[in-house]
Amino acid sequence: MGNCSFRKKVFATRKLPEDAVNILKTRFNVEFWPHESPVPKNILIEKVREVNGLICMLTERVDCEVIEAASDQFWGISQVAVGYDNIDVEAATRRGIYVTNTPEVLTETTADFAFTLLMATARRIAEADRYVRSGRWNIPWGLTMFLGQDVWGKTIGIIGMGRIGTAVARRAKGMNMRILYYDVYRNDAAERELGAQYVDLETLLKESDFVSIHVPLTPATRHLISEGNLRLMKRTACLINTSRGPVVDEKALYKALKEGWIWAAGLDVWEEEPTDPDNPLLSLENVTAAPHIASASYETRTKMAIMAAENMTAILEGKIPPNLVNREVLKVRPPIEK
Ligand code: NAD
């Protein structure tokens with residue numbers, strides 16, 4: 001297919017690392033959105049009418065309206081993330097559009113970050129940093145200064161024992177922690193190899209010193225951490241969220257932290273992103289905040305982009321892509337003919 005006029009077209013909603021660009025450019029006519037900000041919906045709609053495939057980020061809302069606008073020559077949406085709650089997968093399946101994600105390659109990086117956030121929250125690292133910089137450090141050492149929570153040997157409760165939850169559990173085992181987990185499925189390997197104990201959500205919340213969330217955002221997990229559930233937790237507990245913001249009811253979390261039902265929270269994800277600087281949670285010293293960066297390492301972001309490029313290549317070259325999210329689509333529209 002040397003003739004450029006027959007090349008399929010791909011629109012990517014960000015500039016991608018060079019290795020991913022090379023995979024795409026040798027095969028397709030690719031256009032990259034040149035900005036760091038998300039692509040506005042009207043442009044997204046325009047693009048899906050023109051191109052054969054879309055490579056997007058979790059910041060693009062690929063909803064029913066966008067999907068309905070796609071032409072019949074539009075074949076796939078390749079998301080550069082493992083979570084894909086921003087895409088209306090059902091609408092895509094109905095239209096025979098393949099949807100892919102980037103699992104596995106970000107698991108260890110995200111688990112590293114979740115555990116970092118857990119430790120930072122337990123030991124008040126962000127607060128201590130602000131304290132030193134602000135010039136308030138005026139005694140050489142204080143016996144009761146910046147007291148935190150021990151992590152070694154404590155109990156961690158993992159909500160969602162999938163890939164990342166299990167990787168967090170491995171780190172917790174290294175910290176001699178008792179591991180409880182709640183999921184819709186039992187994870188035999190985690191029970192066998194890590195000694196993780198399956199419990200119901202109520203038991204997990206009541207018994208854990210650290211609660212770390214690793215479920216996808218779905219209708220069932222939206223506001224899973226509600227006021228009622230926060231009230232079950234220990235007064236000394238830390239809540240760590242590196243999944244998706246709306247899994248936690250932020251208003252309820254604010255009350256919980258302000259009124260001391262729980263001790264602290266470490267949040268990488270927010271109900272709205274970027275979160276408003278006036279978000280009441282940011283006024284609390286016992287919140288450790290991060291701007292949705294759990295998978296952000298040089299190596300991992302490159303691997304994610306390469307994987308997304310490979311998924312798109314497979315779709316447009318008539319293969320079943322390795323990370324197909326909606327397998328049912330194969331019944332609606334078999335792979336493109338080469
Ligand atoms: P996974 O599919 O391997 O694991 C998710 C687990 O949650 C599964 O075991 C599943 O059974 C369980 N689950 C689903 N619905 C549930 C429910 N209603 N109640 C209890 N358990 C439920 O996914 P993963 O690769 O471990 O990723 C998990 C999530 O982490 C992603 O969906 C994504 O939203 C989030 N994530 C965030 C970042 C970040 O930058 N902060 C990075 C990577 C992933």
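On a predicted model such as this, the values are computed, not experimentally measured, just so you know. Order of appearance sets the numbers: ligands from 1, and atoms from 1 within every ligand.
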Using non-hydrogen atoms of the residue, decide whether [X] is closer than 4.0 angstrom to ligand 1.
X	answer
Val82	yes
Leu217	no
Pro103	no
Thr218	no
Phe113	no

Against heavy atoms of [X], which atoms of ligand 1 measure under 4.0 Å?
X	value
His292	39 (C), 40 (O), 41 (N)
Ser295	40 (O)
Ala294	39 (C), 40 (O), 41 (N)
Gly160	7 (O)
Tyr185	11 (O)
Ser243	34 (O), 35 (C), 37 (C)

Heavy-atom distance to [atom]: which of [options] wins?
atom	options	answer
atom 1 (P) of ligand 1	Arg163, Glu104, Met304	Arg163
atom 20 (C) of ligand 1	Val184, Asn101, Asp85	Val184
atom 18 (N) of ligand 1	Val269, Thr221, Thr242	Thr221

Query raised in the report: Is Arg171 salt-bridged to Glu108, cutoff N-O under 4.0 Å?
Result: yes
Query raised in the report: Do NZ/NE/NH1/NH2 and the carboxylate oxygens of Glu207 and Arg178 come within less than 4.0 Å?
Result: yes
[Y] backbone acceptor or donor facing [X] side chain under 3.5 Å:
X	Y	value
Asn326	Ile97	yes
Arg123	Gly148	no
Lys154	Asp150	yes
Trp33	Ser37	yes
Ser134	Tyr131	yes

What is the distance from atom [atom1] of [X] to atom [atom2] of [Y], rounded to the nearest 0.5 Å?
X	Y	atom1	atom2	answer
Ile293	Leu117	CD1	CG	8.5 Å
Ile158	Leu180	CD1	CG	9.0 Å
Thr288	Glu127	OG1	CD	8.0 Å

Specify side chain, backbone, both or neither for [X], according to which of its non-hydrogen atoms lie closer than 4.0 Å to ligand 1.
X	answer
Asp183	both
Ile164	both
Val215	both
His214	backbone
Met161	backbone

Query raised in the report: Going by distance only, is there an N or O of Asp268 that falls short of 3.5 Å from an N or O of ligand 1?
Result: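 Yes, at least one N or O pair falls under 3.5 Å.
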Requested in this report: Looking only at distances, please establish whether an N/O atom of ligand 1 is found under 3.5 Å from an N/O atom of Arg244.
Outcome: yes
Query - Shortest protein heavy-atom distance from atom 4 (O) of ligand 1, along with the residue and atom involved - result: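 The answer is Gly162 CA, 3.3 Å.
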Query raised in the report: Nearest protein heavy-atom contact for atom 14 (C) of ligand 1: which residue, which atom, what distance?
Result: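 Of the protein heavy atoms, Pro216 CD, 3.5 Å lies nearest.
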Report task. Scan Asn86, Thr13, Asn101 and name whichever one has a side chain to side chain donor-acceptor pair (under 3.5 Å) with Gln79. Result -> Asn86
Query - Shortest non-hydrogen contact from Glu317 toward Ile336 - result: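 Closest heavy-atom pair between Glu317 and Ile336: C-CG2, 4.1 Å.
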Query raised in the report: What is the minimum heavy-atom distance between Ile45 and Ala69, and which atoms define it?
Result: CG2-CB, 3.6 Å
Requested in this report: Show your working on side-chain contact (heavy atoms from CB on, under 4.5 Å) between Leu253 and Leu281 and close with a plain yes or no.
Outcome: CA-CA 8 Å; Leu253 178 62; Leu281 284 169; 4.1 Å; yes
